[in-house]
Amino acid sequence: MTQQRTLRVALLGAGSVGSQVARLLLEHSDELADRSGARLELAGILVRDLEAQRDVELPAELLTTQADELIAGADIVIELMGGMEPARTHILAALQSGADVVTGNKALLATHGPELYEAADQVGATVSYEAAVAGAIPIVRPLRDSLAGDRIMRIFGIVNGSTNYILDRMDRDGLSAEEAQQIATDLGYLEADPTLDLEGFDAAQKAAILASLAFHTPVSIDDVYREGIGSVTADMIADAHRAGYVIKLLAVCERMITSSKAPDAGAVTADGDAISVRVYPALISREHPLASVHGGNNAVFVESEAAGPLMFYGAGAGGIQTASAVLGDVVSAARRHIAGGVGVGESTRANLPITPIGQVTTRYHITIEVADQPGVLATVAGILSERGVSVATVEQKAVVDAEGTARLVIGTHSAREDALQATVQALEALDVVEQVSSVLRVEGAA
Ligand code: HSE
């Protein structure tokens, strides 16, 4: 019987995910060795404070504050520290020493991904990051491997659990935004800096990673159009509910093909493609599968040319859940070490142009408060038609106050964002319009 090889694993960070990864590496070592073809020896755990309280009790002799020494001796380095530095420097050092890297650091990948992938390519190592997007849900590997032979047209989904929790409580329990946010805070769902979740940065980082994979194009966080949930009120949620919709913070990554049907779809390459990557609160029909994603869960809907629609659903966060994604990457990295050969790098060959938000087309619901007088509807309709925005539905609510104000909800056919924004400005300038109270995009099939 040949002796099993041992691979040294360095773990950087022992927070809620890192401590669970350490526990599982230690407790499931025989199973992991069987699946990997090598014993995975946890060589050490880099921590900031040797005495800190942790979610899981870890062997004191494994804890260290000496990063360089730990990284230098490792075959696989797991980075779960988060943030830019020193995570970036440690990952580059690991790759330069020939180690494979497993990381869950979405912020780092969405900003410095190409630099890390290039460093990995130079030594034939890999950077794996299943844990960076949608926690436990396998979505990175399906996009990179399972769907590598297909052509992805669109990805849209809920990739931020805390904002989904807030919007879901508002929708299902009638809570105000403040009440729902307070509960999410008390449950520890929001990041230490809650603006990362509430203003859509976390979702935008994940969208950049998904779009890069799906469209074989480097996409950074700066390429992602982003709006958070700050403008979403209980009234908007209630109106959406009555109209058969739910409001979700969506990440949308879309391939835009120019054809005779879509002459204005944006900047194009020789093969006629461009992409759009955006994050915003949007209306989804209550019939759509994403409408039934409740609480802090995530779901990613992928539409590809050959496979058709696919949906990936599950826990988008959580220490133990996310540890599952990390360990899957660790086992893969170990198998590559045993099999030998160079790692498969990131595919960025398509390098498609990224369409500015103004050129993106979607459907909209515009809610306006208007004077309930003869001719107002015709004036409003004229403003839309002059800017090429075609009306699909109009609903007039009962008079909303004693001044004779009525509420109009206008649903549009697909329109360009720049035309829609010009329309909203022109509506706001009308004397008969008291206010444009909300403008929401509509995503997913009706
Ligand atoms: N803040 C993130 C969320 C955690 O709410 O989904 C997982 O990335």
Side-chain angles (χ1 to χ4, degrees), residues 13 15-21 55 78-84 87 102-111 113 128-140 143 155-171 177 180-213 221 224 226-230 232 247-253 279-281 290 293-301 312-329:
S16 60
V17 182
S19 55
Q20 293 292 350
V21 167
D55 296 354
I78 307 171
E79 184 275 310
L80 296 170
M81 309 171 77
M84 296 297 161
V102 174
T103 177
N105 194 330
K106 59 210 159 192
L108 182 63
L109 293 171
T111 310
S128 313
Y129 47 87
E130 187 62 74
V133 183
I137 303 173
I139 182 65
V140 169
L143 289 175
I155 298 177
F156 68 114
I158 297 161
V159 293
N160 182 270
S162 47
T163 50
N164 196 58
Y165 179 86
I166 292 168
L167 295 173
D168 191 43
R169 292 297 307 266
M170 292 170 75
D171 181 68
Q181 189 179 320
Q182 187 57 54
I183 299 171
T185 305
D186 295 344
L187 290 169
Y189 285 1
L190 289 156
E191 300 273 339
D193 173 2
T195 58
L196 290 176
D197 293 313
L198 301 173
E199 293 182 14
F201 290 102
D202 175 88
Q205 289 160 356
K206 293 165 179 166
I209 294 169
L210 291 176
S212 303
L213 278 165
I221 175 106
V224 182
R226 176 189 53 78
E227 289 174 22
I229 63 165
V232 180
I247 299 179
K248 296 286 190 190
L249 183 71
L250 293 183
V252 183
C253 313
V279 166
Y280 43 55
L290 286 182
V293 176
H294 298 300
N297 284 310
N298 284 191
V300 183
F301 213 77
F312 300 81
Y313 169 84
I320 180 91
Q321 295 88 341
T322 308
S324 160
V326 172
L327 285 168
D329 280 347

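Every number for a ligand or one of its atoms is a count from 1 in the order of the listing.
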- Ala203 and Asn160 have their tightest heavy-atom pair at CB-CB, 4.3 Å
- Would Arg226 count as a cation-pi partner of Tyr280, with NZ or CZ less than 6.0 Å from the six-membered ring centre and within 45° of the ring normal? no
- Task: Could you check if a side-chain atom of Ile78 sits within less than 4.5 angstrom of a side-chain atom of Val326, using non-hydrogen atoms only?
- Result: yes
- May I have the step-by-step check of side chain to side chain contact (heavy atoms under 4.5 Å, CB included) for Val300 and Ile155, ending in yes or no? CA-CA 7 Å; Val300 183; Ile155 298 177; 3.4 Å; yes
- Item | Short N-O contact, Lys106 and Glu191, less than 4.0 angstrom | yes
Write 'none' if nothing qualifies; otherwise put on separate lines each N/O atom of ligand 1 with a protein N/O atom under 3.5 Å away and their distance to 0.1 Å.
residue, atom, partner, partner atom, Å
ligand 1, 1 (N), Glu191, OE2, 2.6
ligand 1, 1 (N), Asp197, OD1, 2.7
ligand 1, 5 (O), Asn160, ND2, 3.4
ligand 1, 5 (O), Gly161, N, 3.3
ligand 1, 5 (O), Ser162, N, 2.9
ligand 1, 5 (O), Ser162, OG, 2.8
ligand 1, 6 (O), Gly161, N, 2.7
ligand 1, 8 (O), Lys106, NZ, 2.6
ligand 1, 8 (O), Lys206, NZ, 2.8

- Give, for atom CD1 of Ile209 and atom CD of Gln205, the distance between the pair rounded to the nearest 0.5 Å. 7.0 Å
